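Please read the structure below before turning to the comments.
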Amino acid sequence: GGSVLLLGPDGPTIGGYPPIGTVPSIEFAKVAQLKPTSEVTLLPINIGELRILEADYQSLWNERFTWLSKF
């Protein structure tokens, strides 16, 4: 039918259908909040840009955990 099926890391194999992409781990929180039948737009990203975004994301969370550890 042309629809895209989004499977999580514990999802089943896709039975021979070719995967069209991978959701970066930094977007898992957003994906987890999607409702069934939600419409999303998938955008391409190159590995260099992704590594920069992941480093920024990790840095942000490290700062938050450091701040929380004071309590």
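It should be emphasised that the depicted structure is a prediction, and the values quoted were computed from it without experimental measurement.
Taken from CZ in R64 to OG in S69, the straight-line distance is 14.5 Å, to the nearest 0.5 Å. The CG atom of D56 lies 14.5 Å from the CH2 atom of W61; values are rounded to the nearest 0.5 Å.
In this structure a side-chain-to-backbone donor-acceptor pair under 3.5 Å is missing from S59 to A55.
Tracing side-chain contacts under 4.5 Å through hydrophobic residues (I, L, V, M, F, W, Y), one reaches I47 starting from I26; they form part of the same cluster.
Of all heavy-atom pairs between L50 and I45, the closest is N-CD1, 3.8 Å. For F28 against V23, the heavy-atom pair with the smallest separation is CE2-O, 3.3 Å.
Between R51 and E54, no side-chain nitrogen of the basic residue sits less than 4.0 Å from a carboxylate oxygen of the acidic one, so the salt-bridge criterion is not met.
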